[in-house]
Amino acid sequence: MTDATIAPASTITPVAFGDLSVGPGEPVYMIGEIGINHNGDVDITKKLMDVAVEAGAQSVKFQKRNPDVAVPEAQKSKMRDTPWGTMTYLDYKYRVEFEKEQYKEIDAYAKEKGLQWFASPWDIDSVEFLENEFDALTYKVASATLTDIPLLKAMADTGKPILCSSGMSDWAILDAAVEVFDRDRLVLMHSTSTYPLPVEEANLRAIPAMQDRYGVPVGYSGHETGTEISLAAVALGAVTVERHITLDSSMWGSDQSASMEPNDFIELCRGVRVLEKALGDGVKRIMPGEESKIGSLRK
(Lines give C-alpha, C1' and ligand atoms only; values in the text may rest on other atoms or scores of the structure.)
Protein backbone atom coordinates (compact mmCIF):
# COMPACT_ATOMS: atom_id res chain seq x y z
CA MET A 1 0.00 0.00 0.00
CA THR A 2 1.27 3.46 -0.89
CA ASP A 3 -1.80 5.70 -0.75
CA ALA A 4 -4.03 6.31 2.23
CA THR A 5 -7.71 5.51 1.76
CA ILE A 6 -9.94 7.96 3.58
CA ALA A 7 -12.84 6.09 5.16
CA PRO A 8 -15.28 7.91 7.44
CA ALA A 9 -16.51 5.81 10.35
CA SER A 10 -20.05 5.78 8.94
CA THR A 11 -18.84 3.73 5.95
CA ILE A 12 -16.93 1.13 7.98
CA THR A 13 -18.72 -2.19 8.43
CA PRO A 14 -18.55 -3.94 11.82
CA VAL A 15 -16.93 -7.37 11.98
CA ALA A 16 -18.83 -10.37 13.39
CA PHE A 17 -17.27 -12.12 16.38
CA GLY A 18 -19.64 -15.01 16.90
CA ASP A 19 -22.99 -13.47 17.89
CA LEU A 20 -21.40 -10.06 18.60
CA SER A 21 -20.36 -7.28 16.23
CA VAL A 22 -17.25 -5.15 16.61
CA GLY A 23 -17.18 -1.79 14.88
CA PRO A 24 -18.68 1.72 14.72
CA GLY A 25 -22.18 1.93 16.17
CA GLU A 26 -21.72 -1.21 18.26
CA PRO A 27 -20.99 -1.46 22.00
CA VAL A 28 -17.25 -1.21 22.66
CA TYR A 29 -15.91 -4.78 22.75
CA MET A 30 -14.10 -5.06 26.08
CA ILE A 31 -11.33 -7.65 26.38
CA GLY A 32 -9.73 -8.80 29.62
CA GLU A 33 -6.23 -9.90 28.59
CA ILE A 34 -5.37 -12.79 30.89
CA GLY A 35 -2.33 -13.64 28.78
CA ILE A 36 -0.04 -15.67 31.03
CA ASN A 37 -1.12 -13.94 34.26
CA HIS A 38 -2.76 -17.24 35.22
CA ASN A 39 0.74 -18.63 35.98
CA GLY A 40 -0.33 -22.00 34.63
CA ASP A 41 -3.22 -22.33 37.10
CA VAL A 42 -6.76 -22.93 35.81
CA ASP A 43 -8.30 -21.86 39.14
CA ILE A 44 -6.60 -18.44 38.83
CA THR A 45 -7.87 -18.31 35.25
CA LYS A 46 -11.46 -18.88 36.35
CA LYS A 47 -11.18 -16.14 38.95
CA LEU A 48 -9.93 -13.75 36.26
CA MET A 49 -12.78 -14.80 33.99
CA ASP A 50 -15.17 -14.02 36.85
CA VAL A 51 -13.64 -10.53 37.04
CA ALA A 52 -14.31 -10.04 33.32
CA VAL A 53 -17.91 -11.16 33.75
CA GLU A 54 -18.47 -8.86 36.74
CA ALA A 55 -16.99 -5.96 34.77
CA GLY A 56 -19.33 -6.61 31.85
CA ALA A 57 -16.53 -7.41 29.41
CA GLN A 58 -17.46 -9.54 26.43
CA SER A 59 -14.29 -11.61 26.23
CA VAL A 60 -10.98 -12.74 27.68
CA LYS A 61 -7.78 -13.41 25.80
CA PHE A 62 -4.85 -15.79 26.30
CA GLN A 63 -1.48 -16.40 24.67
CA LYS A 64 -0.72 -19.75 23.02
CA ARG A 65 2.76 -21.01 22.20
CA ASN A 66 4.64 -24.12 21.26
CA PRO A 67 7.66 -23.17 23.40
CA ASP A 68 10.04 -25.29 21.31
CA VAL A 69 9.18 -23.13 18.31
CA ALA A 70 8.36 -19.76 19.89
CA VAL A 71 11.25 -19.41 22.35
CA PRO A 72 14.46 -18.15 20.68
CA GLU A 73 17.27 -20.70 20.79
CA ALA A 74 19.55 -18.34 22.71
CA GLN A 75 16.95 -18.06 25.48
CA LYS A 76 16.01 -21.72 25.91
CA SER A 77 18.85 -22.79 28.20
CA LYS A 78 19.01 -19.61 30.30
CA MET A 79 18.23 -20.24 33.95
CA ARG A 80 15.36 -18.45 35.68
CA ASP A 81 14.21 -18.26 39.28
CA THR A 82 10.49 -19.04 39.47
CA PRO A 83 7.93 -19.87 42.18
CA TRP A 84 8.47 -23.50 41.19
CA GLY A 85 12.24 -23.38 41.64
CA THR A 86 15.14 -22.55 39.34
CA MET A 87 14.63 -23.89 35.84
CA THR A 88 15.55 -23.18 32.25
CA TYR A 89 13.55 -20.54 30.44
CA LEU A 90 12.18 -23.24 28.11
CA ASP A 91 10.98 -25.33 31.06
CA TYR A 92 9.41 -22.23 32.60
CA LYS A 93 7.49 -21.49 29.39
CA TYR A 94 6.17 -25.05 29.36
CA ARG A 95 5.22 -24.72 33.04
CA VAL A 96 2.86 -21.79 32.34
CA GLU A 97 1.54 -23.07 29.01
CA PHE A 98 -2.02 -24.45 28.85
CA GLU A 99 -2.68 -27.48 26.67
CA LYS A 100 -5.83 -29.20 25.45
CA GLU A 101 -7.25 -30.37 28.79
CA GLN A 102 -6.84 -26.95 30.42
CA TYR A 103 -8.39 -25.14 27.46
CA LYS A 104 -11.30 -27.59 27.44
CA GLU A 105 -11.98 -26.59 31.03
CA ILE A 106 -11.61 -22.90 30.14
CA ASP A 107 -13.91 -23.32 27.12
CA ALA A 108 -16.61 -24.98 29.24
CA TYR A 109 -16.35 -22.30 31.93
CA ALA A 110 -16.58 -19.52 29.33
CA LYS A 111 -19.74 -21.06 27.89
CA GLU A 112 -21.21 -21.34 31.39
CA LYS A 113 -20.48 -17.66 32.05
CA GLY A 114 -21.56 -16.38 28.62
CA LEU A 115 -18.05 -15.13 27.91
CA GLN A 116 -16.11 -15.28 24.65
CA TRP A 117 -12.45 -16.32 24.69
CA PHE A 118 -9.61 -16.41 22.20
CA ALA A 119 -5.83 -16.32 22.08
CA SER A 120 -2.80 -14.80 20.40
CA PRO A 121 -0.93 -17.64 18.71
CA TRP A 122 2.83 -17.10 18.60
CA ASP A 123 3.55 -19.84 16.04
CA ILE A 124 1.79 -21.81 13.31
CA ASP A 125 1.53 -24.91 15.53
CA SER A 126 -0.58 -22.85 17.93
CA VAL A 127 -2.86 -21.64 15.11
CA GLU A 128 -3.48 -25.26 14.14
CA PHE A 129 -4.09 -26.23 17.77
CA LEU A 130 -6.65 -23.47 18.34
CA GLU A 131 -8.36 -24.07 15.00
CA ASN A 132 -8.51 -27.86 15.07
CA GLU A 133 -9.21 -28.38 18.77
CA PHE A 134 -11.48 -25.41 19.50
CA ASP A 135 -12.66 -23.93 16.18
CA ALA A 136 -11.27 -20.60 17.35
CA LEU A 137 -13.60 -17.62 17.54
CA THR A 138 -10.93 -15.22 16.29
CA TYR A 139 -7.17 -14.76 16.25
CA LYS A 140 -5.26 -11.89 17.78
CA VAL A 141 -1.98 -10.87 16.17
CA ALA A 142 0.41 -9.92 18.96
CA SER A 143 2.55 -6.87 18.25
CA ALA A 144 5.68 -9.00 18.61
CA THR A 145 4.57 -11.25 15.72
CA LEU A 146 3.43 -8.46 13.38
CA THR A 147 6.33 -9.03 10.95
CA ASP A 148 6.00 -12.85 10.94
CA ILE A 149 4.21 -12.99 7.59
CA PRO A 150 3.93 -16.81 7.40
CA LEU A 151 2.22 -16.79 10.82
CA LEU A 152 -0.12 -14.00 9.73
CA LYS A 153 -0.99 -15.94 6.57
CA ALA A 154 -1.77 -19.03 8.65
CA MET A 155 -4.23 -16.98 10.70
CA ALA A 156 -5.74 -15.39 7.57
CA ASP A 157 -6.17 -18.79 5.92
CA THR A 158 -8.56 -19.91 8.69
CA GLY A 159 -11.13 -17.41 7.43
CA LYS A 160 -11.78 -16.27 11.00
CA PRO A 161 -12.02 -12.61 12.03
CA ILE A 162 -8.67 -11.08 12.99
CA LEU A 163 -7.71 -8.64 15.71
CA CYS A 164 -4.31 -7.17 14.91
CA SER A 165 -2.21 -5.17 17.34
CA SER A 166 0.15 -2.56 15.94
CA GLY A 167 2.82 -2.06 18.58
CA MET A 168 6.45 -1.68 17.45
CA SER A 169 5.34 -0.70 13.95
CA ASP A 170 5.33 2.22 11.54
CA TRP A 171 3.14 2.66 8.46
CA ALA A 172 5.39 0.47 6.29
CA ILE A 173 5.28 -2.45 8.74
CA LEU A 174 1.55 -2.09 9.29
CA ASP A 175 0.83 -1.77 5.55
CA ALA A 176 2.58 -5.09 4.93
CA ALA A 177 0.63 -6.83 7.70
CA VAL A 178 -2.75 -5.43 6.60
CA GLU A 179 -2.18 -6.68 3.04
CA VAL A 180 -2.21 -10.27 4.35
CA PHE A 181 -5.77 -10.07 5.64
CA ASP A 182 -9.27 -9.73 4.25
CA ARG A 183 -10.29 -6.26 5.44
CA ASP A 184 -13.91 -7.36 5.80
CA ARG A 185 -12.76 -9.54 8.69
CA LEU A 186 -10.07 -7.28 10.16
CA VAL A 187 -10.06 -5.11 13.29
CA LEU A 188 -6.82 -3.23 13.89
CA MET A 189 -5.76 -2.24 17.39
CA HIS A 190 -3.58 0.75 18.12
CA SER A 191 -0.94 -0.20 20.67
CA THR A 192 2.40 0.94 22.03
CA SER A 193 4.55 -1.92 23.31
CA THR A 194 6.02 -0.16 26.34
CA TYR A 195 5.23 -1.65 29.76
CA PRO A 196 3.95 0.33 31.55
CA LEU A 197 3.07 2.90 28.89
CA PRO A 198 4.38 6.45 29.43
CA VAL A 199 1.63 8.93 28.63
CA GLU A 200 3.79 10.73 26.05
CA GLU A 201 4.05 7.49 24.01
CA ALA A 202 0.30 6.82 23.83
CA ASN A 203 -0.12 8.57 20.44
CA LEU A 204 -3.90 8.10 20.50
CA ARG A 205 -4.43 10.13 17.33
CA ALA A 206 -3.16 7.04 15.52
CA ILE A 207 -6.63 5.55 16.09
CA PRO A 208 -8.52 7.80 13.63
CA ALA A 209 -5.44 7.87 11.39
CA MET A 210 -5.46 4.06 11.11
CA GLN A 211 -9.19 4.08 10.48
CA ASP A 212 -8.80 6.59 7.66
CA ARG A 213 -5.82 4.78 6.12
CA TYR A 214 -7.21 1.25 6.10
CA GLY A 215 -11.00 1.62 6.19
CA VAL A 216 -11.43 -0.96 8.97
CA PRO A 217 -12.59 -0.76 12.59
CA VAL A 218 -9.80 0.26 14.97
CA GLY A 219 -9.54 -0.52 18.67
CA TYR A 220 -7.01 0.01 21.42
CA SER A 221 -4.74 -2.37 23.32
CA GLY A 222 -3.32 -0.53 26.32
CA HIS A 223 -0.45 -1.09 28.71
CA GLU A 224 -0.75 2.08 30.77
CA THR A 225 -1.71 2.54 34.39
CA GLY A 226 -5.12 4.01 35.16
CA THR A 227 -8.18 4.43 32.97
CA GLU A 228 -7.81 7.89 31.40
CA ILE A 229 -5.93 6.87 28.25
CA SER A 230 -8.25 3.96 27.49
CA LEU A 231 -11.29 6.19 27.92
CA ALA A 232 -9.73 8.78 25.62
CA ALA A 233 -9.16 6.02 23.05
CA VAL A 234 -12.90 5.30 23.07
CA ALA A 235 -13.64 9.01 22.66
CA LEU A 236 -11.39 8.97 19.58
CA GLY A 237 -13.30 6.08 18.06
CA ALA A 238 -11.79 2.87 19.46
CA VAL A 239 -14.32 0.07 18.91
CA THR A 240 -12.62 -2.35 21.29
CA VAL A 241 -10.41 -1.95 24.35
CA GLU A 242 -8.06 -4.63 25.63
CA ARG A 243 -6.31 -4.37 28.98
CA HIS A 244 -4.22 -6.91 30.89
CA ILE A 245 -5.94 -8.07 34.08
CA THR A 246 -4.55 -9.67 37.22
CA LEU A 247 -5.85 -10.70 40.63
CA ASP A 248 -2.98 -8.79 42.25
CA SER A 249 -0.34 -6.71 40.49
CA SER A 250 2.27 -7.88 43.01
CA MET A 251 1.89 -11.52 41.91
CA TRP A 252 4.87 -13.21 40.28
CA GLY A 253 5.03 -12.87 36.50
CA SER A 254 6.38 -10.60 33.78
CA ASP A 255 3.06 -8.89 32.95
CA GLN A 256 1.49 -8.57 36.40
CA SER A 257 2.81 -5.11 37.31
CA ALA A 258 1.44 -3.58 34.08
CA SER A 259 -1.98 -5.20 34.54
CA MET A 260 -5.24 -3.90 36.01
CA GLU A 261 -6.47 -5.32 39.30
CA PRO A 262 -10.16 -6.37 39.46
CA ASN A 263 -11.65 -3.12 40.79
CA ASP A 264 -9.69 -1.07 38.25
CA PHE A 265 -10.88 -3.16 35.31
CA ILE A 266 -14.45 -3.05 36.57
CA GLU A 267 -14.18 0.74 36.86
CA LEU A 268 -12.81 0.98 33.31
CA CYS A 269 -15.60 -1.10 31.80
CA ARG A 270 -18.25 0.94 33.63
CA GLY A 271 -16.58 4.16 32.50
CA VAL A 272 -16.61 3.01 28.88
CA ARG A 273 -20.35 2.33 29.06
CA VAL A 274 -20.99 5.81 30.48
CA LEU A 275 -18.81 7.34 27.78
CA GLU A 276 -20.67 5.48 25.03
CA LYS A 277 -23.90 7.13 26.14
CA ALA A 278 -22.26 10.53 26.54
CA LEU A 279 -20.77 10.55 23.03
CA GLY A 280 -24.16 10.56 21.37
CA ASP A 281 -24.67 10.64 17.61
CA GLY A 282 -23.10 14.02 16.79
CA VAL A 283 -26.35 15.61 15.58
CA LYS A 284 -26.75 19.01 17.24
CA ARG A 285 -30.31 19.42 18.51
CA ILE A 286 -32.27 20.65 21.51
CA MET A 287 -32.17 17.96 24.16
CA PRO A 288 -35.27 17.02 26.23
CA GLY A 289 -33.78 18.45 29.39
CA GLU A 290 -33.35 21.82 27.68
CA GLU A 291 -36.97 22.23 26.56
CA SER A 292 -38.20 23.71 29.82
CA LYS A 293 -35.33 26.21 29.91
CA ILE A 294 -36.13 27.83 26.59
CA GLY A 295 -39.16 29.73 27.82
CA SER A 296 -37.60 30.81 31.11
CA LEU A 297 -34.12 31.75 29.93
CA ARG A 298 -34.26 32.71 26.27
CA LYS A 299 -35.52 36.12 25.15
Side-chain angles (χ1 to χ4, degrees), residues 17-23 26-39 41-63 105-120 137-138 140 163 165 187 189-192 195-197 199 202 204 207 218-280:
F17 283 60
D19 59 351
L20 300 177
S21 293
V22 179
E26 301 292 338
V28 175
Y29 187 74
M30 298 299 296
I31 305 166
E33 158 81 90
I34 294 175
I36 55 173
N37 281 350
H38 50 69
N39 284 342
D41 188 322
V42 174
D43 288 336
I44 291 175
T45 300
K46 289 180 178 179
K47 290 176 182 177
L48 287 168
M49 294 169 78
D50 289 342
V51 169
V53 171
E54 183 178 354
Q58 293 97 322
S59 64
V60 291
K61 191 197 77 106
F62 299 89
Q63 296 176 21
E105 194 170 347
I106 288 166
D107 185 58
Y109 197 69
K111 287 183 171 67
E112 177 186 330
K113 296 293 181 177
L115 192 66
Q116 294 186 338
W117 74 271
F118 58 97
S120 291
L137 170 75
T138 180
K140 167 78 185 300
L163 285 158
S165 269
V187 177
M189 298 187 75
H190 171 57
S191 184
T192 303
Y195 299 75
L197 173 68
V199 64
L204 291 180
I207 293 170
V218 178
Y220 175 67
S221 179
H223 308 114
E224 72 274 10
T225 57
T227 62
E228 297 91 345
I229 293 174
S230 290
L231 291 171
V234 173
L236 283 168
V239 299
T240 176
V241 173
E242 174 190 72
R243 291 291 298 272
H244 287 260
I245 57 174
T246 179
L247 296 179
D248 186 334
S249 59
S250 66
M251 289 175 65
W252 189 90
S254 57
D255 293 340
Q256 307 281 7
S257 63
S259 300
M260 301 189 90
E261 293 185 344
N263 287 340
D264 297 326
F265 187 64
I266 291 168
E267 178 187 352
L268 172 63
C269 290
R270 288 175 179 167
V272 166
R273 300 306 171 213
V274 171
L275 182 55
E276 285 177 319
K277 293 178 182 178
L279 285 171

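Sequence positions, counted from 1, serve as the residue numbers for this chain.
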In residues 224-239, what donor-acceptor pairs under 3.5 Å come from side-chain atoms, sequence neighbours left out?
{"residue": "E224", "atom": "OE1", "partner": "Y220", "partner atom": "OH", "Å": "2.7"}
{"residue": "E224", "atom": "OE2", "partner": "S230", "partner atom": "N", "Å": "3.3"}
{"residue": "E224", "atom": "OE2", "partner": "S230", "partner atom": "OG", "Å": "2.7"}
{"residue": "E224", "atom": "OE2", "partner": "R243", "partner atom": "NH1", "Å": "2.9"}
{"residue": "S230", "atom": "OG", "partner": "R243", "partner atom": "NH1", "Å": "2.9"}

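Formation of a donor-acceptor pair under 3.5 Å by the D255 side chain with backbone atoms of I36 is not found in this model. Using a distance-only test at 3.5 Å, with no hydrogens or angles considered, no donor-acceptor pair links the side chain of Q63 to the main chain of S120. Using a distance-only test at 3.5 Å, with no hydrogens or angles considered, a donor-acceptor pair links the side chain of D41 to the main chain of D43.
With sequence neighbours left out, the salt bridge (charged side-chain N to carboxylate O under 4.0 Å, His left out) criterion links D107 to K111. Under the rule for a ring-ring contact (aromatic ring centres under 6.0 Å, His included), the partners of H223 that lie at least two apart in sequence or sit in another chain are Y195, H244. A search for side-chain hydrogen bond (donor to acceptor under 3.5 Å, both in side chains) contacts involving E242 returns K140, S221, not counting sequence neighbours. Evaluation of the salt bridge (charged side-chain N to carboxylate O under 4.0 Å, His left out) rule for E276 yields R273 as partners, not counting sequence neighbours. By the side-chain hydrogen bond (donor to acceptor under 3.5 Å, both in side chains) test, D50 is found to be paired with Y109, residues two or more places apart in sequence or in another chain being considered. The salt bridge (charged side-chain N to carboxylate O under 4.0 Å, His left out) search around K47 returns none, not counting sequence neighbours. With sequence neighbours left out, S191 forms a side-chain hydrogen bond (donor to acceptor under 3.5 Å, both in side chains) with no residue at all. Among residues two or more places apart in sequence or in another chain, the side-chain hydrogen bond (donor to acceptor under 3.5 Å, both in side chains) test is passed with T246 by Q256. In this view, E105 and V42, K46 satisfy the side chain to side chain contact (heavy atoms under 4.5 Å, CB included) rule, not counting sequence neighbours. The ring-ring contact (aromatic ring centres under 6.0 Å, His included) check on Y29 picks up F17, with sequence neighbours excluded.
A heavy-atom distance below 4.5 Å is found between the side chains of I31 and L163. Residues T138 and Q116 are not in side-chain contact: their nearest non-hydrogen atoms beyond the backbone lie 4.5 Å or more apart. Using a 4.5 Å heavy-atom cutoff, the side chains of M49 and I106 are in contact. Within the 4.5 Å cutoff, the side chain of I266 has heavy atoms near those of the E54 side chain. With a 4.5 Å cut-off on side-chain heavy atoms, T240 and Q58 do not count as touching.
E33 CD to K61 NZ: the interatomic distance, rounded to the nearest 0.5 Å, is 3.5 Å. Atoms CZ and OG1, on F62 and T45 in that order, are 5.5 Å from each other to the nearest 0.5 Å. M30 CE to F265 CZ: the interatomic distance, rounded to the nearest 0.5 Å, is 5.0 Å.
When all heavy atoms are compared, the tightest approach of L137 to G18 is CD1-N, 3.5 Å. Closest of all the heavy-atom pairs between D264 and M260 is O-CE, 3.4 Å. The nearest pair of heavy atoms linking V272 to V28 is CG1-CB, 3.7 Å.
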